[in-house]
Amino acid sequence: MNIEVNSRNLKFLECFASETRIKMIELLNHKPMNIKDLAEALGISSAIVTKHIQKLEEAAIVTTESVPSTRGRQKICHLTLDSATLQFRVKEKPDQNRYAVSIPIGQYSNYEVKPTCGLASSTKIIGMVDDPRYFSDPEHVKASHLWFGSGFIEYRIPNYLVGKQTVRSLSISLEICSEAPHYNENWPSDLSFYINDRCLGTWTCPGDFGAVRGVYTPEWWDLGTQHGLLKQITVDSEGAFIDGIRMSDTAVNDLSLSIGEDIRFRISAPETAAHSGGLSMFGKQFGNYDQDIQVYVAY
């Protein structure tokens, strides 16, 4: 997750201006805790803890859930965010030409998948679980969550450039994780990213997350995986990056981007990878981030 250091992100940045909130994050890193336990560990009142937790929730760093207890209900706090990269210097100029598109995760143009696999909309399972044929079902365009044990999924990004315009940078934001039967928080998966068949690099996802319910995951969903990690893939004149960390020297000029031709974006979870842990993807109304695949093309 990339965070630009600016006034628009003050709610996020302010979370780290409090020693108490930092200590809360440290405690929740070890295990989920309720409000009372946090108050006792920090030596402060439950009312103060609640106010700090509200700020952490607003920044999507922490999520809470209300669960039954021996005396009514209690609020359990979970650490949601795994990592964030602060961007002090933004490469793109404010007046630089660019366009943005949002691609639903079910609107893929090509695929090759092996079980475990399946698709779900915000209201139901699409077709049958673990049957790759349903990835061709016309209802796949309604998918808000999809998963497979190995294979690839490919999307077409519209190319709106005309005349002598050329792409300066391409940025893609999406929520993903590994895919284990049911779920397994310690389930690494080597995921590779391609533009027009050119590999941008490989990132190893640490697990398949199901211990904490996703912020937007529907209540009816009970098949394990709950949310992923929000990752941002960027390729520009200097190379390819994921959350600001270099993946390869592949630059935007290496991608064979032609006027009038769609840009093909592929995510692959190879069966032959050192960590063959599959792929889960989340769109709107699923996971921790209410978004589809967000694409920004600067030219």
Chemist: Is any side-chain heavy atom of His145 less than 4.5 Å from a side-chain heavy atom of Ser280?
Modeler: yes
Chemist: Going by the angle between their ring planes, with limits at 30° and 60°, are Trp220 and Phe286 parallel, tilted or perpendicular?
Modeler: perpendicular
Chemist: Quick check: closest heavy atoms across Leu81 and Tyr289, and the distance to 0.1 Å?
Modeler: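 Taking Leu81 first and Tyr289 second, the nearest heavy atoms are CD1-OH, 3.5 Å.
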Chemist: Are the side chains of Tyr296 and Val101 in touch, meaning some heavy atoms are under 4.5 Å apart?
Modeler: no
Chemist: Does Thr85 reach the main-chain N or O of Asp243 with its side chain, forming a donor-acceptor pair under 3.5 Å?
Modeler: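 Indeed, once roles are kept as given, a pair shorter than 3.5 Å links the two residues.
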Chemist: Look up atom CH2 in Trp147 and atom CE in Met281, then write down how far apart they are to the nearest 0.5 Å.
Modeler: 13.5 Å
Chemist: What I'd like to find out is whether the side chain of Ile242 reaches to under 4.5 Å of the side chain of Gln232, using heavy atoms alone.
Modeler: no
Chemist: Consider only side-chain heavy atoms of I, L, V, M, F, W and Y, link residues closer than 4.5 Å, and tell whether Leu27 and Ile25 are in one cluster.
Modeler: yes
Chemist: Do Ser144 and Ser122 meet the criterion of a side-chain donor-acceptor pair at a distance under 3.5 Å?
Modeler: no
Chemist: Where do Ser171 and Thr234 land on the side chain to side chain contact (heavy atoms under 4.5 Å, CB included) test, with the steps shown first?
Modeler: CA-CA 4 Å; Ser171 182; Thr234 302; 3.4 Å; yes
Chemist: Answer yes when Arg21 and Glu26 have at least one side-chain N-carboxylate O distance shorter than 4.0 Å, and no when they do not.
Modeler: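 No, Arg21 and Glu26 are not salt-bridged.
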Chemist: Applying the 4.5 Å side-chain criterion to the ILVMFWY set and letting contacts propagate, would Val129 and Val113 be lumped into a single cluster?
Modeler: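 No.
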Chemist: Test your reading of the model: is there a side-chain donor-acceptor pair from Asp290 to the backbone of Gln285, 3.5 Å cut-off?
Modeler: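 Indeed, once roles are kept as given, a pair shorter than 3.5 Å links the two residues.
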Chemist: Does one side chain, of Ser102 or Gln291, offer a donor that lies under 3.5 Å from an acceptor on the other?
Modeler: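 There is no such pair (donor and acceptor under 3.5 Å, judged by atom type) between the side chains of Ser102 and Gln291.
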Chemist: Going by an N to O cut-off under 4.0 Å, is there a salt bridge joining Asp236 and Arg168?
Modeler: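 No, this pair does not count.
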Chemist: Any side-chain heavy-atom pair from Glu179 and Thr225 closer than 4.5 angstrom?
Modeler: yes
Chemist: Any heavy-atom pair between the side chains of Val5 and Gln87 that's under 4.5 Å?
Modeler: no
Chemist: Run the side chain to side chain donor-acceptor pair (under 3.5 Å) check on Glu175 and His227 step by step: do they pass?
Modeler: CA-CA 8 Å; Glu175 184 177 353; His227 66 88; 4.8 Å; no
Chemist: Walk me through whether Trp203 and Lys231 qualify under side chain to side chain contact (heavy atoms under 4.5 Å, CB included).
Modeler: CA-CA 10 Å; Trp203 167 71; Lys231 310 304 292 183; 3.7 Å; yes
Chemist: Is any side-chain heavy atom of Val295 closer than 4.5 Å to one of Ser173?
Modeler: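 They are not in contact (no side-chain heavy atoms under 4.5 Å apart), so the answer is no.
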Chemist: Test your reading of the model: is there a side-chain donor-acceptor pair from Asn196 to the backbone of Ser256, 3.5 Å cut-off?
Modeler: yes
Chemist: Give a yes or no on whether Leu223 and Met128 share a hydrophobic cluster (residues Ile, Leu, Val, Met, Phe, Trp, Tyr; joining criterion: side-chain heavy atoms under 4.5 Å apart).
Modeler: no
Chemist: Would you please classify the geometry between the Phe135 ring and the Phe148 ring as parallel, tilted or perpendicular, with 30° and 60° separating the classes?
Modeler: perpendicular
Chemist: Locate the shortest heavy-atom distance separating Ile35 from Ile53; write the atom from each residue and the value.
Modeler: CD1-CG1, 4.1 Å
Chemist: If you round to the nearest 0.5 Å, how far is CG of Leu38 from CD1 of Ile44?
Modeler: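 One finds 8.5 Å between CD1 of Ile44 and CG of Leu38.
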Chemist: Going by heavy atoms in the side chains, are Glu139 and Lys124 under 4.5 Å from each other?
Modeler: yes
Chemist: Strictly distance-based, threshold 3.5 Å: is any side-chain N or O of Arg73 a donor or acceptor partner for the main-chain N or O of Ser66?
Modeler: yes
Chemist: Would you mind checking if Lys114 and Glu271 are paired as a salt bridge, meaning a charged N to carboxylate O distance below 4.0 Å?
Modeler: yes
Chemist: Does the pair Ile153 and Asn110 meet the rule for a side chain to side chain contact (heavy atoms under 4.5 Å, CB included), with working shown?
Modeler: CA-CA 6 Å; Ile153 199 90; Asn110 194 10; over 6 Å; no
Chemist: Nearest 0.5 Å please: distance from the CG atom of Leu28 over to the NZ atom of Lys23.
Modeler: 14.0 Å
Chemist: Do Phe16 and Leu86 belong to the same hydrophobic cluster, where Ile, Leu, Val, Met, Phe, Trp and Tyr are linked whenever their side-chain heavy atoms lie under 4.5 Å apart, directly or via other members?
Modeler: yes
Chemist: Check for a donor-acceptor pair, side chain of Ser258 on one end and backbone N or O of Glu261 on the other, with a separation under 3.5 Å.
Modeler: no
Chemist: Do Thr116 and Asp130 pass the side chain to side chain donor-acceptor pair (under 3.5 Å) test, and can you show the C-alpha distance, the side-chain angles, and the key distance before you say yes or no?
Modeler: CA-CA 5 Å; Thr116 55; Asp130 292 341; 4.8 Å; no
Chemist: When you measure from the side chain of Asp292 to the backbone N and O of Lys284, does any donor-acceptor pair fall under 3.5 Å?
Modeler: yes
Chemist: On a heavy-atom basis, which atom in Trp187 and which in Gly277 lie closest, and how many Å separate them?
Modeler: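 So the two residues come closest at NE1-O, 3.2 Å.
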Chemist: Let me know which of Ser268, Ser192, Ser248 forms a side chain to side chain contact (heavy atoms under 4.5 Å, CB included) with Thr202.
Modeler: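 Only match with Thr202 under side chain to side chain contact (heavy atoms under 4.5 Å, CB included): Ser192.
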Chemist: Would you say the side-chain atoms of Thr50 pair up with the backbone N or O of Ser46, donor to acceptor, closer than 3.5 Å?
Modeler: yes
Chemist: Could you tell me if the side chain of Gln294 sits less than 4.5 Å from the side chain of Ile172, heavy atoms only?
Modeler: no
Chemist: Using atom types as modelled and distance alone, determine if a side-chain donor or acceptor of Asn34 lies under 3.5 Å from a backbone N or O of Asp37.
Modeler: yes
Chemist: Could you list the residues that satisfy ring pair (Phe, Tyr, Trp, His ring centres under 6.0 Å) with His140, not counting sequence neighbours?
Modeler: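 If we apply the ring pair (Phe, Tyr, Trp, His ring centres under 6.0 Å) test to His140, skipping adjacent residues, the hits are Tyr108.
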Chemist: Kindly check if the number of other-residue, nucleotide or ligand heavy atoms within 6.0 Å of CD (Glu65) is above 12?
Modeler: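 Enclosed.
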Chemist: Are the side chain of Asp249 and the backbone N or O of Gly239 linked by a donor-acceptor pair below 3.5 Å?
Modeler: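 Answer holds: no.
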Chemist: Just do the side chain to side chain contact (heavy atoms under 4.5 Å, CB included) check on Leu56 and Leu79 with the steps written out, would you?
Modeler: CA-CA 9 Å; Leu56 291 170; Leu79 185 61; over 6 Å; no
Chemist: Between Gln226 and Val212, which heavy-atom pair has the shortest distance, and what is it?
Modeler: CB-O, 3.1 Å
Chemist: Looking at Thr250 and Val235, what are the two nearest heavy atoms and their distance?
Modeler: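 Heavy-atom minimum between the residues: O-CG2, 3.5 Å.
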Chemist: How long is the straight-line distance from CG of Leu146 back to CG of Leu119, given to the nearest 0.5 Å?
Modeler: 5.5 Å
Chemist: Is there a path of hydrophobic side-chain contacts, each under 4.5 Å between heavy atoms, that joins Tyr194 and Leu200?
Modeler: no
Chemist: Pro188 and Ser178: which non-hydrogen atoms are nearest, and at how many Å?
Modeler: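 Shortest heavy-atom contact: C-OG, 4.0 Å.
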Chemist: Measuring from Glu58:CD to Lys11:NZ, what's the distance to the nearest 0.5 Å?
Modeler: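 The distance works out to 4.5 Å.
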Chemist: For Asn9, is there any backbone N or O sitting under 3.5 Å from a side-chain donor or acceptor partner on Glu14?
Modeler: no
Chemist: Using the side-chain hydrogen bond (donor to acceptor under 3.5 Å, both in side chains) definition, which of the options Glu57, Gln74, His78, Gln54 pairs with Thr64?
Modeler: Glu57
Chemist: Specify whether Phe265 and Phe193 have parallel, tilted or perpendicular ring planes, treating 30° as the upper limit for parallel and 60° as the lower limit for perpendicular.
Modeler: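 Phe265 and Phe193: parallel rings.
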Chemist: If we check side chain to side chain contact (heavy atoms under 4.5 Å, CB included) with Leu174, which of these qualifies: Leu230, Ile267, Ile105?
Modeler: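 That would be Ile267.
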Chemist: Which value, rounded to the nearest 0.5 Å, describes the distance between Ile259 atom CD1 and Leu161 atom CG?
Modeler: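 So the gap between those two atoms works out to 4.5 Å.
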